[in-house]
Asks: 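There's a structure below that I have some questions on.
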Amino acid sequence: DTGGGKKTLQASGSTTVAPVAADAAEALKAEGLDITVATQGGSAGGISQLAAGQIEVALSSKPVSDEDRAASPKTDFVETQIGSDAVGVIVTKEVADAGVTDLSKDEVRGLFEGEITNWSKVGGPDMEVFVYDKEPGRGTREVLDKFVYGDGKPPAPPNSPNFAIVGGNLETRNKLESTPGAVGPLSTGFVDGRDKLAVVTLEGIAPSAENVANGTYPMSRPLYVITDGKPKGDTKKFIDYLLSDEGQALLAPHGYLTLEQIGL
Amino acid sequence: MDHVISARDLRVRDRAKTLVGPVTFSLEHGSTTGLCGPSGAGKSTVLRALVDLLPAGLTRDGELEVQGRPIAPGKGDADLRTKVVLVPQTPVVFGGSILDNALFGLRHLLRASREVMLERAEQALLEAGLWQEVKDRLGESAQTLSAGQRQRLCLGRALALEPAALLLDEPTSALDERSRDTVEESVAALRGRRTVLLVSHDPAQVERLCDRTVLLRPPAAVEPLAVAAAS
Amino acid sequence: MDHVISARDLRVRDRAKTLVGPVTFSLEHGSTTGLCGPSGAGKSTVLRALVDLLPAGLTRDGELEVQGRPIAPGKGDADLRTKVVLVPQTPVVFGGSILDNALFGLRHLLRASREVMLERAEQALLEAGLWQEVKDRLGESAQTLSAGQRQRLCLGRALALEPAALLLDEPTSALDERSRDTVEESVAALRGRRTVLLVSHDPAQVERLCDRTVLLRPPAAVEPLAVAAAS
Amino acid sequence: MTRVRPPAAPDVLKRPRPSRWVWPWMLAGAVSLGAVLLALLGYLGSGVAGGEVAWGELLTESMWNPSGGVFGGLAMIYGSAVVCLIALVLAVPVSWAAAVAVSEYLPPRVAGILRTSVELLAAVPSIVYGLIGIMVVRPLIAGAAGVPGGDSLLAAGLVLAVMIMPTMVAVSVDALAAVPGRYREAAYAMGLTRREVVRSAVLPLARSGMRAAVLLGLARALGEAIAVFLVVGRADGRLPGSFGELLDSLVRPGQTLTTKLAGPEPVLAGTSGPWFAAVCALGLVLLALVALATVWGNRGGGRKATGGRSRHPQAGRMRVPLDRAVGGLRIAALLLPGALLVGMLGILAVRGSSAFTPSFWVTPATGAAGGGVSDQILGTLLLVVTTGLISLPLGFGAGILLGLYAKARTAKVLQTLTVVVGGTPTILLGLAGFVIFCTLMGWGRSWLAGALVLVPVVVPMVALPTCGRVRSMPPETTEAALALGLSRAQYVRSVVVPYTWPATLTGLLLGLARAAGETAPLLFTATVFFGAPALPDGVVEAPVQALPTHIFTLSQDSGDPQAVAQAWGSAMVLVLITAVLLSAAVALRNRFEGERWTT
Ligand SMILES: Nc1ncnc2c1ncn2[C@@H]1O[C@H](COP(=O)(O)OP(=O)(O)OP(=O)(O)O)[C@@H](O)[C@H]1O
Ligand SMILES: Nc1ncnc2c1ncn2[C@@H]1O[C@H](COP(=O)(O)OP(=O)(O)OP(=O)(O)O)[C@@H](O)[C@H]1O
Ligand SMILES: [Mg+2]
Ligand SMILES: [Mg+2]
């Protein structure tokens, strides 16, 4: 801040975090704090804008990568986690009921690489698999890739007729629900109470709050607000609010886990 | 009697305002009738009303019968207009060549080989006094024709259809004396075979061609029915 | 001598083909000249050539001078066309009301108050024999006018400009006798003050109005210059 | 008769209303199109230059795998071609038939209402088309072709066909309305049936305008991202090898150039390097494809009046029944857009019922999904009105210049460029705008930048119909005006402009309707999701909130049912606002069109 006059605080980035940030900004308006929330370019866009000094707060559903740090050596990225999002491998109820309730890492890889094309191969019904993967750059997708490939690079998408790409969470849920034999990664919050979908356990571990909290569930993504240097002034006010009880209460309606739930 | 067209108390209105009429007349089979009156009297409007082609906004009332069949306003169809063909006052040439234009109606109305059609079109253009001028350039765009040539083209393509009745709206207004004489001869030759209603502002022409004349006076003050014997 | 327009060996071609000419004539200041010839002879084309408004594809050669200034083909401009105004054979009315049309030229050429313009337009419509018919409906769309009314409207809006020379292409072809007489009177009244070139297929009209006649014969076989004294 | 006239002959040197401004105006229009194209090419070109592009691979390889360093675009080119072909093959006949029905068959009053309704369809934001595609088209294809899901090239083609139909109907109706009544009179007077009159007298004259309609439809089909996005499946690298596979590929997920470009990759790829270069190269390929398609669509435009027509209609025994049948078909063709409109409005109205509470309109948003959308409404209006004010003169000027002065060949080139600008995926406009305004010029996010980025969306939609209308102007009109001594500028001002005005307005309406629903360029340059003041307090550092981006963000990731309701409500508001703007402009247009020009 150049000091002096009151300046609007700018936050931008992930569409996952934006609604929460917007709710917080609304609450802070009463205290005379002006915050704009935008969603240009998703998490990656937020990080690069922060590096360019165009915004004060980046909203992200993935941590800052080493490449990001290398690309902007002058920026001191400070991540503050405000919550978490458990990502599940989701199948249709029909498939789950027929016996697919748990998948191993190799089975998940086989499904998403197009090698397993029929659910009977993993103990399910005789039914074609239809894979929905998230578009690159989506936090959910990176979580899945990290689970399956670790730090290795994922291969090209399979040349299978039963493979499609999806974007937002609502779109993903809608398509999973309307496609027989579908499988895809999705925040578990979006599956609660949907009777056409089921979350499978991975290597026997369910995406419960404790399992996320103690780190045994392999697919969760932290939700961050990122600043350049330690937050101070208005930025600090904003972040403190997000971490307060009122702020944490904003996460649940959007389907995310609070810090308390994951034990942080 | 043998009336091809008969109109009783025909009147054309523009909303409340009466533009033309009431006018009553009937055209006997094979006769040639002149329709006269000063510019703006409503001659063209009457012709349009007879084939049920009034511009949007104008309405007709009164009775109209064509070959004994009553025509309700707005109910005129292609069938009516193949029997009674109107040649509008402003010559319209369509895109395409002169030949395309000469065949314009025939192509749609006559089921015949191309030779027969070409022959008929040639004959019609001869009667309209245009054939000599265009026979070497039938493939050229019709847009290049002079005003008088257009007028004759429009007349010719209507003559080619050989309809029961022809409504001619000042068919020789843009023609020199020689072409006019050719057209007049052709119209005269129709007498006894076809019914003709001829709008003309040239009293001498009406005198030469018509059996009777219907006089149209402008505004509301139209003479109910003024028939003058001629020829 | 005081020649407003003079053309020498004027010829209009459509690529290689000569459509009109060569024709040579000059119009003295204040004279009325008739331009005659059968339909398709090239009368309208000559008029267009004089104001450099030939349709695309046609070219002119030969010399043309207007008020002593030579006009190269394709170089005619608005300045030329305010001195020499052409009233085309096909009447065109523009969108808007009858009054808009009457003022159409004036509005663009005359720097004057609206009153002056209205007065001039009224006077011109009187001279064109249209005023009586339209004075109560000046605000109506000009599209509703009859063919003869349009013709008079087009003549009127040109007369209102009082150009040095007027080229009239069959200005009375769609008019009844009375309107025609009014127009003829007005044209006759121009003699001595304005130069007029009148295309007409009515020999009697040429006889009545013109000092001299230029005769145009169709194809290539145009009479070099046929001048007949009249009146 | 006494002559009492002021002797003053017109003084040419002091012409009133010399209208000399028309030259710079027309030039500005043409230059603006050129500038947009240059900016785009510059953006893409510098991207391509920032990394090595293997053009051979790009055009012949079907696999696209950035992490593996393989950049093949063939499958996307195939996808784009197939999707557009499907869209055009379906939409062109239906739209033309519906346009003929509106213009030639229905009584003027009914026709007017229908025409406005069709234009209203064009105002439905594309994300709504996409969502409805998900709800309706996917299950249809899944059921009919027996494939799971239904995400497919065919689904994308269908959604696009539906999307471009309103544009094509509206512009075609306009072209038909411009045909002077005397042509119809002359043809009817010879005893032709309605079908024959339309075929032989009306269509030949409306052809250039109806062709412009198809070009606009094509541009929109090639440039549309979001709606296609939601139903195409976006699967890379799928290319059929045999005819059987080709048929199968239609009902399977695929990818188009536009969806690739509108996806996350241009942002993920950074601003230089081989990935970004390959993405920019795809952009260039897309622009080249639009250009090719335009040239192809325009071929044969030269053989107008003069050449002999290839097929002569023949008199048939069944003239009258045929006439009835064709008339029936044409009116039936209207049912399709009609049913669409009703269905779409129905869905919108049910789901977006919050739009019918007045407080939704006048209260600002509270948080992500609470309150109303008054700020978004104001922001959208500001953007749309500014865009309209800038685009109208530019597009109008460019269209008139194109129609009036360009020689046949130049006109084709310029027209192609116009379509290319119109067919540019808006995400590219957004990115290029971001680079130019926000990076190079140092503006922050600003409503003005947003409006400027939307201008290229609208300008072609104004220019092309205008140009088509100028071309159809009867030559007698030009002669009559010039013969009265008007200068060229005055002629343009007083004859050409009023004559083309109705077509221009139609184009503007469609363009603004499209701009009102655009998301991609705004996200980058102009809007924020939350927190901007209702009206901006500055120019360059002044973001706004807008309905389309609001809808977009809410329909992405929020699991909150209230957010979904808010999104649908906002969509309904957007449609209602556009409807109001539309009705006003339509009333204006009808006034001008009432005075058809005749000779
Ligand atoms: N659509 C219309 N709306 C209102 N008035 C009209 C319309 N069409 C024609 N009129 C008016 O009706 C009158 C008759 O027009 P019409 O064209 O029938 O005259 P006409 O006798 O053919 O004249 P002319 O000899 O000049 O061709 C004219 O005063 C004209 O202005
Ligand atoms: N653009 C053109 N291209 C080719 N030929 C043309 C063109 N314009 C006119 N012509 C031809 O030139 C000749 C002269 O035409 P013009 O219109 O000058 O005749 P006109 O003497 O005015 O006849 P009318 O008395 O019928 O009006 C005609 O044979 C016509 O077909
Ligand atoms: Mg008449
Ligand atoms: Mg002529």
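Within every chain, numbering begins at 1; the chains are lettered A, B, ... in the order of the sequence lines, protein sequences first and strands thereafter. Computed from a prediction, not measured in an experiment: that's the story for all the values here.
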Asks: Can you measure from CZ (Arg107(C)) to CD (Gln490(D)) and round to the nearest 0.5 angstrom?
Replies: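 It is 10.0 Å, given to the nearest 0.5 Å.
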Asks: Can you tell me if CZ on Arg493(D) sees more than 12 non-hydrogen neighbours from other groups inside 6.0 Å?
Replies: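 No, CZ of Arg493(D) has 12 or fewer neighbouring heavy atoms, counting only those of other groups under 6.0 Å.
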Asks: Give me the atom names and distance for the closest heavy-atom approach of Thr477(D) to Val92(C).
Replies: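 Scanning both residues completely, I find the closest heavy atoms to be CA-CG1, 4.0 Å.
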Asks: Find the distance between CG (Leu482(D)) and CG (Asp77(C)) and round it off to the nearest 0.5 Å.
Replies: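 Atom-to-atom, Leu482(D):CG and Asp77(C):CG are 11.0 Å apart.
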Asks: For Arg137(C), is the CZ atom crowded, meaning more than 12 foreign heavy atoms sit under 6.0 Å from it?
Replies: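 Yes, CZ of Arg137(C) has more than 12 neighbouring heavy atoms, counting only those of other groups under 6.0 Å.
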Asks: Taking all heavy atoms of Ser487(D) and all of Ala78(C), pick out the closest pair and write down the distance.
Replies: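 Nearest heavy atoms, Ser487(D) then Ala78(C): CA-CB, 3.5 Å.
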Asks: Among all residues two or more places apart in sequence or in another chain, which pass the side-chain hydrogen bond (donor to acceptor under 3.5 Å, both in side chains) test with Thr466(D)?
Replies: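 Here the qualifying residues are Thr504(D).
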Asks: Heavy-atom distance under 4.5 Å between the side chains of Leu86(C) and Glu479(D), does that happen here?
Replies: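 Yes - at least one pair of side-chain heavy atoms lies under 4.5 Å apart.
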Asks: Check whether any side-chain heavy atom of Ser494(D) lies under 4.5 Å from a side-chain heavy atom of His108(C), and answer yes or no.
Replies: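 Yes, close enough: below the 4.5 Å cut-off.
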Asks: Of all heavy-atom pairs between Gly485(D) and Leu109(C), which one has the smallest distance, and what is that distance?
Replies: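 Shortest heavy-atom contact: O-CD2, 3.6 Å.
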Asks: Which region of Arg157(C), side chain (C-beta onward) or backbone (N, CA, C, O), has a non-hydrogen atom less than 4.5 Å from a non-hydrogen atom of chain D, or is it both or neither?
Replies: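 It is both, since atoms from each part get that close.
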Asks: Select one option (side chain, backbone, both, neither) describing which atoms of Val85(C) are under 4.5 Å from chain D's heavy atoms.
Replies: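 Interface part for Val85(C): both.
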Asks: Output all residues satisfying side-chain contact (heavy atoms from CB on, under 4.5 Å) with His201(C), sequence neighbours left out; order by chain, then residue number.
Replies: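 Expected list: Asp176(B), Glu170(C), Ser173(C).
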Asks: Hey, are the side chains of Leu484(D) and Arg81(C) touching, using non-hydrogen atoms and a 4.5 Å cut-off?
Replies: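 Of all side-chain heavy-atom pairs linking Arg81(C) with Leu484(D), none is under 4.5 Å.
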